[in-house]
Amino acid sequence: MKGLWSLISYEYKKILRKKSVWIALILAILITIISVPGTLFGSYYIDGELYESHLEAMVKDREYARDLSGRKLDSDLIMESVKAYSNIPGIEPYQATMEYQKLARPYSAIYGISRSVYNTRSRRFNMEDFQVLPREQADIFYILRHERLIDIVEDTAMSTKAKAKVLELDDQIETPITFSYVDGYTRFFNLAATFGLTAAFVAAICIAPLFSGEYTSGADQIILSSKYGKNKLIKAKLLTGFSLAALICLMLMLLCFVLSMAIFGSDGGGAALQLYIMMSPYPVTMGQTAIFMSVCTLCSCLMTAAITMLLSAKLRTPFGVIILVGILLIIPLLFFVPESIPFLYKLSHLLPTNIMTFWAVTDGIQFELFGLVIKPYVFLPVFAILVGLFLIPFSYRSFKNHQIT
Amino acid sequence: MELILDRVTKHYGKIIACDRISLTLRQGVYGLLGANGAGKTTIMRMMCGILAPTAGTIRFNGIDVGHDDYRDALGYLPQDFGYYPEFSARDFMLYLATLKGLPKSRAKEKTRELLELVSLEKEAKKKIKTFSGGMKQRLGIAQSLLNDPKILILDEPTAGLDPKERIRFRNMIARLGSDRIVLLSTHIVSDVEHIADTILVMKDGQLIHQGTLNHILQPIKEKVWECTVSQSEAAVLSEKYPVINLRQENTRVLLRLISETKPCDLAVSAQATLEDLYLYYFSEVSEG
């Protein structure tokens, strides 16, 4: 370890003394700060008239949801909501009616959750259907949910073993679910990909010159002819790259989490994930999901850092590295692979950008490898770390064997 | 103390940059001369372990060039030396001292001492990006001495220095050669002439001459002539003999040339210098 920490501190100095690095970091922080309350900008208009701002609506709906928090999401609560909704007259848009605002809106969260269970393949469950939902249907809410889940699982290309595993997981979900306000967490889930992508790209900007910057400046000659230039320095550079990527990711993640909780509310950490995605088969809480999202995002950033460092060791200029990493990060945003092409579908989930997304992390379709059935939120971070570790020796050797010609 | 190059060869496809160079260097100053593209920088890079030879071996006291211990004994000033513009001279020196494995206290002490040696002590805290070419070169020389190297390789060390500084560094390099191997390449022939114990001459990737100044000048000894002739005579002589120097003097021309025999009646024998030898060997390249 002699000299290693000192070399790491010099690598940090090289990076942090560049103006471009600080500009990128400040922009990343600003993007995160603006993204969190992004849905609160603007207002609702009914018939061209300003009704309420998005912020006012969020505060109001949060109060209504908090009033219901702690109650079991059972047939009684569903029927209470149905009763409230049945007061809405047949006027469009129904949100403009006093009955909706006064009587039904406090139950809008329950209506939203119910829809995903009562929707059928042939017909979309709407407000009018909810208004007349019979008690018998409310009584079999969880049975219907399970049946729908079976249909969804059967439609996938998963093996019988994987399908059984998913249904087994679903059986572990405690029903009836206890309702809670969870919007702080769901905002964090939705923004994970945004801050993750930002962190990965900013990290790429910062660490792209780690190796290639030495080639560009011509300092590689002095470095590689020094005692530690072909061993300890490379370790220091790799540790700097990984630690900086992790720090940037954790900083943006923490900022996003704290802002989400501060603005939208921190309730619901122990609530079931199904309050956000009713058809999710995972018996996990919102808090646990936040941890899975954070781990996946962090691992994806580390994987991106490993790719960036490999390119940096191979290419002659940092600019080329940034462009290639940028393309790698942007491509998944431009293409969507449908479930009907199972191999490509799962493969697309393994791209760094997708590893950070809520839909990939909590996807019901399992990864299957050597007869093992692995949950996405377990497989994705492990895969990212393995890819990162796999690339390290290539980066190491590439710089060590770099020839000054 | 022995640095042995054994049939060191470097190919770039069909181009041969260095052709089976065998050489044994012991303590002292070695001056490497050659035109651009002769292979000087290539051989130096291979001796520093930053360019792998296509064939051959390089060993210092039995230690292979690829080994950490070899690099521990090495100090190198590259021709185009890269630096970190945002670093101060002191930071840069301390960073390289860490890379060379110096303990912190020793690194600080060496940094102070060497910055003083190259007259940069007052600029120690200034960013390198504010430095002139000569100041950067002095910093480059200082960093090459950080680990008190047993092998010191200097590629164009006096480039960019003003005449006074050049002489000072030339003398410093001569002193350094007393207890280590110093190999320097330069286009400034007089520098080599003054400080090198042994002169190495490279041409087209081959080592064509090596030895002391007297030994190396043997091929042109008593063959250097000077004469002042008319324009037309100068043209005739230039066609016939390798011309080392040509200077216009009113209507006539002063020629310095190499010839086995007296080239014309007015010619007088002149003392052969290393510059004569250099220009004699590399006149084709220079003209090209």
- Query: Should we count CZ of B:Arg20 as having more than 12 external heavy atoms under 6.0 Å?
  - Reply: no

- Name, in order of residue number, those residues of residues 298-307 of chain A that have a heavy atom at a distance of less than 4.5 Å from a heavy atom in chain B; otherwise write 'none'. none

- Interatomic distance, B:Leu99 atom CG to A:Leu224 atom CG [nearest 0.5 angstrom]: 9.5 Å

- Item | Six-ring centre of B:Tyr84, A:Arg17 cation under 6.0 angstrom, axis tolerance 45° | no

- B:Lys108 NZ: over 12 foreign heavy atoms closer than 6.0 Å: no

- Check each atom of B:Tyr12 against the heavy atoms of chain A and say whether the ones under 4.5 Å are side chain, backbone, both or neither. side chain

- Determine whether B:Leu94 and A:Tyr10 make a side-chain contact, defined as any pair of heavy atoms from C-beta on separated by less than 4.5 Å. yes

- Task: State the CG-OH distance between B:Leu96 and A:Tyr228, to the nearest 0.5 angstrom.
- Result: 14.0 Å

- So what's closer than 4.5 Å to chain A heavy atoms on B:Asn147: side chain, backbone, both or neither? neither

- Query: How would you list, in number order, the residues of residues 192-223 of chain A that have a heavy atom less than 4.5 Å from chain B?
  - Reply: A:Glu214, A:Ser217, A:Gly218, A:Ala219, A:Gln221, A:Ile222, A:Ile223

- Message: I want to check something: taking the side chain as every heavy atom from C-beta on, are A:Ile404 and B:Met46 in contact at a cut-off of under 4.5 Å?
- Response: no

- Query: Looking only at heavy atoms, what is the nearest atom pair of A:Ser225 and B:Ile50, with distance?
  - Reply: N-CG2, 3.9 Å

- Non-hydrogen side-chain atoms of B:Arg71 and A:Lys230 separated by less than 4.5 Å: yes

- For residues B:Thr98 and A:Ser6, report the shortest heavy-atom separation together with the two atoms involved. CG2-OG, 3.6 Å

- Message: With chain A as the partner, which of B:Ala52, B:Ala17, B:Cys48 has the greatest number of non-hydrogen pairs under 4.5 Å?
- Response: B:Ala52

- Item | Between A:Lys13 and B:Tyr95, a side-chain donor and acceptor under 3.5 Å | no

- Interatomic spacing from CG in B:Asp68 to NZ in A:Lys232 - rounded to 0.5 Å: 9.5 Å

- A:Lys400, NZ: over 12 other non-hydrogen atoms inside 6.0 angstrom: no

